[in-house]
There are 2 protein chains.
Amino acid sequence: MTGENGIQAVDRAFDIVESLTELNGAGVSELARHVGLPKSTVHNHLNTLERAEYVVHEDGEYRTGLKFLQISESARNQHDLYQVARPEVDQVVEKTGEISALMAEEHGRGVFIYRNRGSEAARIDTCVGDRVPIHCTALGKVILAFLPEQRRQEIIDHHGLPAVNHNTITDRDVLAQELETIRDEKIAYDDEERLNGLRSVAAPILDGSGSVIGSISIAGPTHRMQGDRFQTELPEIVLGTANVIELNHQHS
Amino acid sequence: MTGENGIQAVDRAFDIVESLTELNGAGVSELARHVGLPKSTVHNHLNTLERAEYVVHEDGEYRTGLKFLQISESARNQHDLYQVARPEVDQVVEKTGEISALMAEEHGRGVFIYRNRGSEAARIDTCVGDRVPIHCTALGKVILAFLPEQRRQEIIDHHGLPAVNHNTITDRDVLAQELETIRDEKIAYDDEERLNGLRSVAAPILDGSGSVIGSISIAGPTHRMQGDRFQTELPEIVLGTANVIELNHQHS
DNA sequence: GAGAATCGTTCCACGGTGCTGAACACTTAT
DNA sequence: ATAAGTGTTCAGCACCGTGGAACGATTCTC
């Protein structure tokens, strides 16, 4: 499921944890079936994980523990982007009433670091922590555009350009050309390339030396994301916010 | 560091991850020294963890990866308390301008599930994901008070009543008596028992069958937490909010 | 109620595997 | 140029994680 050869016991432990999150808690037998291992092995792992408090054993069921919260908060704060940008995202939400999100790149995929939405905003599928192909989002494309040439090629070579949707860009040349204009405008658009009915605008967030550390976006239902608002107003807001974040980031 | 006997490789992997968060990223040698293992062993673990994307290898340094965010979000959402209560906490913050937080119990300790603060509110040390002894917080005491007698004894037996502060309750009888009055009033107070200069009020959040699933609090600097506000006004707010959360929780 | 089929847990012997220390290339100080 | 520091690779041995079978305890099914 995970890699090809690493420490077997560790790979298995994480397979079990991941299965546990997918199943939203489960018993030993159910888990054993799900990961394709004998009950005793799974039991052994669960015991270990529980003793380390990464797993909780309640009401005859095992669940993933909140100790992961401690680690993930620390991981998120190591991207110092998060601490600086979070309040700005909240402000964008207040100003626009739509969805605003923060993304960082990791292992060639886009990770939602933070997300907030106005009360009238679209219900959306993505959650904080979700990992999506980087070429199918405004947030991702804008990161990709500002990454060093070499890294960009590595990522595309490794992950390819799978079609997530009938609008997804799957051609390298088409993508390359779009990334070019993204670099010029410092703005990326997503016209329902990942989710039908959802459009978004995103801007890059650069550090002092000019390398991307993440991106910020505004997203909403297509019928509200049109004309001048989509072409001018929202891009200006998101670009302005990105600049504020960059400034605050450098003085921290 | 972790347990006494479980799967060695798994325990070590998590030791390494924890060290990585403590050190805010590190190299192989530094890590090896920190966990007291040969470089090669640590290297092997880091490779495994990186391949599974739980660790990132950048600029010649290893850091904890954002994949933990995915798991922790899932773990947090399994406590369905979080989804329901989060907006209510935000409202309390808006109403009072102080700090409001959400806690759940796990492995006998109190875990901060969510926290928010007004712009004028006290700077505070605790973060989401932090795990604190359960007897030294209003949030924790109120959970302890409403836990089944047996569980409560287990927790106290296992963890004891360590003094976090010169005000911390360390006597079992004194604690038992306070828990009694907490059960009566459905309100717990923390009078600088964990942090000097910080007072707080907390109320329990019960599910349909009457068992605690968590607690909610308002906290602030002692000089603002006094008189009628501390004795009546804030307790009423926190209790009312807890009730709203309980209602929303049952209809979800 | 008896029986079958779950469940979770415990045990032990075997074989595979994670551990280790040494050797490697490489950069940075001295 | 030497030395001390990195990170990485390799291979053999001891050990430890593995998985099958057997255990009680529940919960179904008839």
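Residue numbering restarts at 1 for every chain, and letters A, B, ... go by the order of the sequence lines.
The shortest distance between side-chain heavy atoms of B/I205 and B/V212 does not fall below 4.5 Å.
Defined by atom type and a distance below 3.5 Å, a donor-acceptor pair is missing between the side-chain atoms of B/Q177 and B/R172. Judged purely by distance below 3.5 Å, without hydrogens or angles, the side chains of A/S211 and A/D207 pair a donor atom with an acceptor atom.
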Pairs under 3.5 angstrom, nitrogen or oxygen only, protein versus nucleotides 16-24 of chain D, please.
unit_1, atom_1, unit_2, atom_2, d
D/dG17, OP1, B/Q8, N, 2.6
D/dT18, OP1, A/R12, NH1, 3.4
D/dT18, OP2, A/H45, NE2, 3.0
D/dG19, OP2, A/R12, NH1, 3.2
D/dG19, OP2, A/T41, OG1, 2.9
D/dG19, N7, A/S40, OG, 2.8
D/dG20, O6, A/S40, OG, 3.0

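The phosphate of D/dT6 (OP1 or OP2) has no side-chain N or O of B/Y62 nearer than 4.0 angstrom. When the side-chain nitrogen and oxygen atoms of B/R33 are compared with OP1 and OP2 of D/dT6, one or more of them lie within a distance under 4.0 Å. For A/H43 and C/dT9, the shortest distance from a side-chain N or O to OP1 or OP2 is below 4.0 Å.
Note: CG (A/N47) to P (C/dC11) measures 12 Å, nearest angstrom. Per the geometry, CG belonging to A/D59 stands 16 Å off P belonging to D/dT26, to the nearest Å. For B/L46 and D/dT9, the CG to P distance is 13 Å, given to the nearest whole Å. Rounded to whole Å, the distance from CD on A/E58 to P on C/dG8 is 16 Å. What separates CD of B/E61 from P of D/dT8 is a distance of 12 Å, to the nearest Å.
Side-chain atoms of B/T41 never come within 3.5 Å of backbone atoms of B/L37 as a donor-acceptor pair (strictly under, hydrogens ignored).
Salt-bridge check for B/E178 with B/R183: failed, with every basic side-chain N at 4.0 Å or more from each acidic carboxylate O. The pair B/E18-A/K67 counts as a salt bridge, with a side-chain nitrogen and a carboxylate oxygen less than 4.0 angstrom apart.
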